[in-house]
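Beneath this line is the structure, given in structure tokens, with notes to follow.
All figures in this text were calculated on a predicted structure; none of them were measured in a lab. We count residues from 1, following the sequence as given.
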Amino acid sequence: MIRILWLIPAIPVLAAGFIALLKRGQRKLAATAAIGALGVSLVMSVAAFASMLGNSGLQVMNFRWLQFGTQWISLGWLLDPLAAIMLVMVSFVGLLIFIYSIGYMAEDENFTRFFCFLSLFAGAMLAVVIANSLLLLFMGWELVGLTSYLLIGFWYHKPEAAAAAKKAFIVTRVGDLGLLLGMVWLYGSTGTLLFYNHGAGCLEHGALAVLVAHTTIGGMAVSTAIALLIFLGAAGKSGQVPFHIWLPDAMEGPTPVSALIHAATMVAAGVYLIARVYPLMSITVTPGTISTALQVIAWIGAITAFFAACIAVAQDDIKRILAYSTISQLGYMMLGLGVGGVAVGMFHLITHACFKALLFLGAGSVIHGCGGEQDIRKMGGLRRFMPITFVTYASGMLALCGFPLFAGFWSKDEILHAAHGWPMSLGPFYLGTAGALLTAFYMMRQVYYVFLGSRRTADEAAEAAAKAADETTAAHGHATAHGHGEPHESPAVMGIPMIILGFLAAFLGFVGTPAWPWFSDFLTGQTTTLDFGRFGEAGLLPLMAVSSLMVFAGLGLGWWFYGRKPIVSASQPDGLEQAMPPVFGALRRRLFVDELYAVTVVRLVRWGSALADVFDRFVLGGLAGLMALLVNGLGHIDNSLDTHAVNGGFDLGCRELATGGRWFAAWQSGRVQTYLRTIGIALIVLAVMLLWWGKA
């Protein structure tokens with residue numbers, strides 16, 4: 001399997017190239033090529049996964065790529081349980097999103113281009129997954145960044161979408177700079193960027209021993225410094241504080257893009273990177289201690305989980321709520337990696353991919369059914385119009401909240417259990433527990449606003465206008481005004497992927513319960529046994545009870561603020577806003593983080609740009625102008641010397657030579673009489689001179 005593993009990302013990339021050559025009207029062929037290519041990748045991913053079931057060892061395939069001097073840069077790909085799980089998740093969830101996109105993007109004139117970008121996006125992420133070289137991973141990593149820019153700004157005619165695409169690209173590049181520096185430092189210290197190379201890879205014992213034995217500024221081990229630089233790249237891609245600001249704005253792209261970015265691909269890449277280089281992240285000078293890198297990852301993850309959950313409680317855009325939810329859940333994944341290890345963080349990544357993709361697809365179904373409306377205050381009562389969307393969305397919502405027995409319950413509880421046993425501090429545990437309560441609260445708020453209660457519009461005048469618009473557009477099936485018209489259920493091509501994901505959101509977590517920890521055992525190569533006695537381990541059941549109480553408390557608070565008193569109008573003040581206006585206002589403004597960046601980082605960059613412009617115009621430009629004047633003056637001097645001295649002297653010499661030639665030529669007439677006359681004159685002159693000298 002390892003010999004053909006490269007085909008898994010290559011096939012979607014080739015499909016993207018093929019679609020790029022199609023005409024705009026060849027919509028069906030474009031969708032068929034993209035879905036078919038990812039379907040083949042899914043089959044091959046399942047085959048790779050099956051090969052790992054019987055043999056959980058590491059398989060690598062390395063090759064020389066580029067030579068400079070006497071050294072070679074090698075690339076390669078690998079297959080291990082971690083890569084196998086990710087391959088199946090990315091290709092499976094991605095395939096469902098591709099199928100869903102057929103219905104969601106059916107009326108878009110750039111349908112073909114959309115599937116070209118989707119296919120390239122999926123191929124780039126699959127390349128990240130199988131890479132056995134940090135350089136190859138970085139190539140796929142940057143291609144993921146490029147395609148995310150293209151997809152977030154897909155509706156480039158909208159200024160908000162264009163701005164969001166640029167913001168995502170620039171912010172993630174800041175983190176990627178750290179990753180690039182860490183990569184260069186790692187190569188300089190170990191001489192290789194291959195992860196595994198029969199004992200000579202940068203994640204194997206020899207290289208790690210070299211890294212941990214050397215120190216840098218402040219006595220920090222080189223391994224820690226490189227690990228923190230790599231984490232910068234992961235934090236940028238996965239929206240960790242303070243790089244989270246790009247992710248909510250990414251909602252400006254089409255909803256399938258949001259589902260793909262927030263569930264299976266881009267944001268998962270950062271978490272996967274930390275899991276892949278975990279030996280580097282966890283190595284310490286003193287065995288048995290917790291590395292500085294893991295401590296930073298744990299704290300950043302915990303802060304992000306709580307911080308984003310706070311902001312989500314006051315948002316009104318259905319997709320923006322889910323965006324902040326994604327940031328929060330990515331924080332949980334990082335927290336899990338920091339306090340529990342690869343299996344803990346990756347289990348939540350896999351379950352989250354299913355229920356978060358479901359929630360975004362459900363949000364897209366709502367937006368599609370409501371004529372483009374995204375403001376939850378202008379919805380309400382949609383469970384009657386969209387029963388399939390409501391049931392599947394409820395499954396995803398309960399999984400996200402960590403409701404008992406749903407997928408998110410098992411993965412989130414495993415993180416909280418590991419955080420509770422973390423010897424460094426209980427701070428991440430408390431932040432994670434508070435985040436769990438807030439998650440249940442803001443999701444309950446969203447469900448009440450969107451699906452429960454009565455149907456709402458902005459106001460009566462808008463409703464009357466909507467009815468008039470309905471009458472004039474009845475022939476087209478529904479009104480086109482955003483937020484108005486009769487809501488309707490999405491077509492089957494959108495509903496079936498939601499049903500499949502809804503099933504996984506409910507039951508996928510059973511592969512990682514304490515009684516049957518198949519997921520962690522698969523990653524570690526151990527044999528799994530069913531043992532309900534594991535629930536009796538010290539502190540496990542009380543922690544599960546506390547976690548469940550937090551969920552019920554959050555759901556109860558959601559009912560108290562939004563279900564106890566029905567929401568009857570879109571202009572009705574939010575229940576939490578009435579209770580705590582200043583707090584709600586700050587949270588609605590996203591705690592003014594963007595404004596803070598605007599008056600600090602952005603202003604500093606603008607000042608720096610202005611300074612660079614002045615330096616370029618007047619210093620460098622002035623020096624260049626001075627050199628131009630100097631060269632021009634020297635040119636004039638050279639021209640004068642050449643014209644008047646060199647050329648004049650040469651011309652004068654030529655003229656004198658010509659005159660002398662003509663004079664001497666007159667003596668060469670060929671007439672004998674002239675020669676005799678000349679000789680006679682010469683003899684007379686000679687005689688006169690001799691006589692004169694004789695007298696003297």
Side-chain angles (χ1 to χ4, degrees), residues 89 93-94 96-97 100-101 104 239 247-248 250-251 253-268 308-309 312-313 315-330 332-333 348-370 374 376 379 382-383 386 388-403 406-409 411-412 435-436 438-452 490 494-509 551 554-555 558:
M89 184 276 288
V93 176
L96 293 179
I97 295 172
Y100 176 96
S101 299
Y104 191 87
L247 210 151
M251 298 301 96
T255 301
V257 173
S258 303
L260 198 60
I261 289 177
H262 288 248
T265 54
M266 183 171 179
V267 297
V313 305
Q315 302 304 306
D316 298 319
D317 186 301
I318 186 173
K319 290 170 63 177
R320 196 172 292 274
I321 295 171
L322 297 179
Y324 277 104
S325 170
T326 299
I327 298 172
S328 179
Q329 298 306 307
L330 289 167
Y332 278 109
M333 295 174 208
H348 195 57
L349 184 148
I350 298 299
T351 59
H352 175 266
C354 293
F355 61 71
K356 185 51 64 67
L358 168 61
L359 289 171
F360 270 108
L361 297 186
S365 179
V366 169
I367 295 168
H368 182 270
C370 294
Q374 295 185 201
I376 62 174
M379 297 177 183
L382 295 184
R383 73 185 187 281
M386 311 176 72
I388 295 176
T389 300
F390 171 64
V391 172
T392 55
Y393 199 91
S395 176
M397 169 261 192
L398 292 174
L400 174 61
C401 295
F403 195 84
F406 280 77
F409 169 75
S411 58
K412 179 201 59 156
L438 292 172
T439 301
F441 174 76
Y442 66 69
M443 288 308 298
M444 195 65 172
R445 171 181 180 266
Q446 187 188 59
V447 167
Y448 268 114
Y449 263 113
V450 176
F451 293 103
L452 304 180
S490 298
M494 297 170 64
I496 292 175
M498 291 193 294
I499 293 173
I500 296 172
L501 290 172
F503 177 83
L504 292 175
F507 300 106
L508 182 61
V551 173
L555 296 175

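- A heavy-atom distance below 4.5 Å is found between the side chains of Phe441 and Val313.
- Heavy-atom minimum distance, Ala436 versus Tyr332: N-OH, 2.8 Å.
- The shortest distance between side-chain heavy atoms of Cys370 and Leu382 falls below 4.5 Å.
- Distance check: Lys412 NZ to Cys401 SG gives 8.5 Å after rounding to the nearest 0.5 Å.
- Heavy atoms only, all atoms of each residue included: Phe355 and Ala505 are closest at CB-CB, 3.8 Å.
- For the pair Tyr442 (side chain) and Gln315 (backbone), a donor-acceptor distance under 3.5 Å is absent.
- For the atom pair CD (Gln374) and CG (Asp317), the distance works out to 4.5 Å, reported to the nearest 0.5 Å.
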Derivation of the side-chain contact (heavy atoms from CB on, under 4.5 Å) call for Val93 and Thr265: CA-CA 9 Å; Val93 176; Thr265 54; over 6 Å; no
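- Listed for the Ser101 side chain is a donor-acceptor partner under 3.5 Å among the backbone atoms of Ile97.
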Identify each donor-acceptor pair in which a side-chain atom of residues 356-364 lies under 3.5 Å from a protein atom, sequence neighbours left out, and give them as a table.
unit_1 : atom_1 : unit_2 : atom_2 : d
Lys356 : NZ     : Ser325 : OG     : 3.1
Lys356 : NZ     : Thr326 : OG1    : 3.1
Lys356 : NZ     : His352 : NE2    : 3.2

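- Minimum heavy-atom separation, Val551 to Gly402: CG2-O, 3.6 Å.
- Distance check: Thr439 OG1 to Leu555 CG gives 10.5 Å after rounding to the nearest 0.5 Å.
- Judged by distance alone, with hydrogens and angles left aside, the side-chain atoms of Thr351 form no donor-acceptor pair with the main-chain N or O of Ser411 at under 3.5 Å.
- In plain terms, the two heavy atoms of Ala250 and Ser258 that are nearest each other are O-OG, 4.2 Å.
- Tyr393 and Gln446 share a side-chain donor-acceptor pair at under 3.5 Å.
- Tyr449 pairs by the ring pair (Phe, Tyr, Trp, His ring centres under 6.0 Å) definition with Tyr562, not counting sequence neighbours.
- Atom CG of Leu452 and atom CE of Met444 lie 7.0 Å apart (nearest 0.5 Å).
- Classification of the His368-Tyr104 ring pair by plane angle, with boundaries at 30° and 60°, yields tilted.
- Heavy atoms only, all atoms of each residue included: Tyr324 and Ala312 are closest at CB-CB, 3.8 Å.
- The six-membered or imidazole ring of Phe390 lies near that of Phe451, with a centre-to-centre distance under 6.0 Å.
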Verify side-chain contact (heavy atoms from CB on, under 4.5 Å) between Val450 and Arg383, making sure each step is shown before the conclusion. CA-CA 8 Å; Val450 176; Arg383 73 185 187 281; over 6 Å; no
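- Taking every heavy atom of both residues into account, Leu438 and Ala309 meet most closely at CB-CB, 3.8 Å.
- To the nearest 0.5 Å, atom OG1 of residue Thr255 and atom CG of residue Leu260 are 12.5 Å apart.
- We find the OG-CD1 distance between Ser395 and Ile499 to be 11.5 Å, quoted to the nearest 0.5 Å.
- Side-chain contact check for Met251 versus Leu322: every heavy-atom pair is 4.5 Å or farther apart.
- You'll find the side chain of Met494 stays beyond 4.5 Å of the side chain of Thr389, heavy atoms only.
- Side-chain atoms of Leu398 and Met443, non-hydrogen and from C-beta on, never get closer than 4.5 Å to each other.
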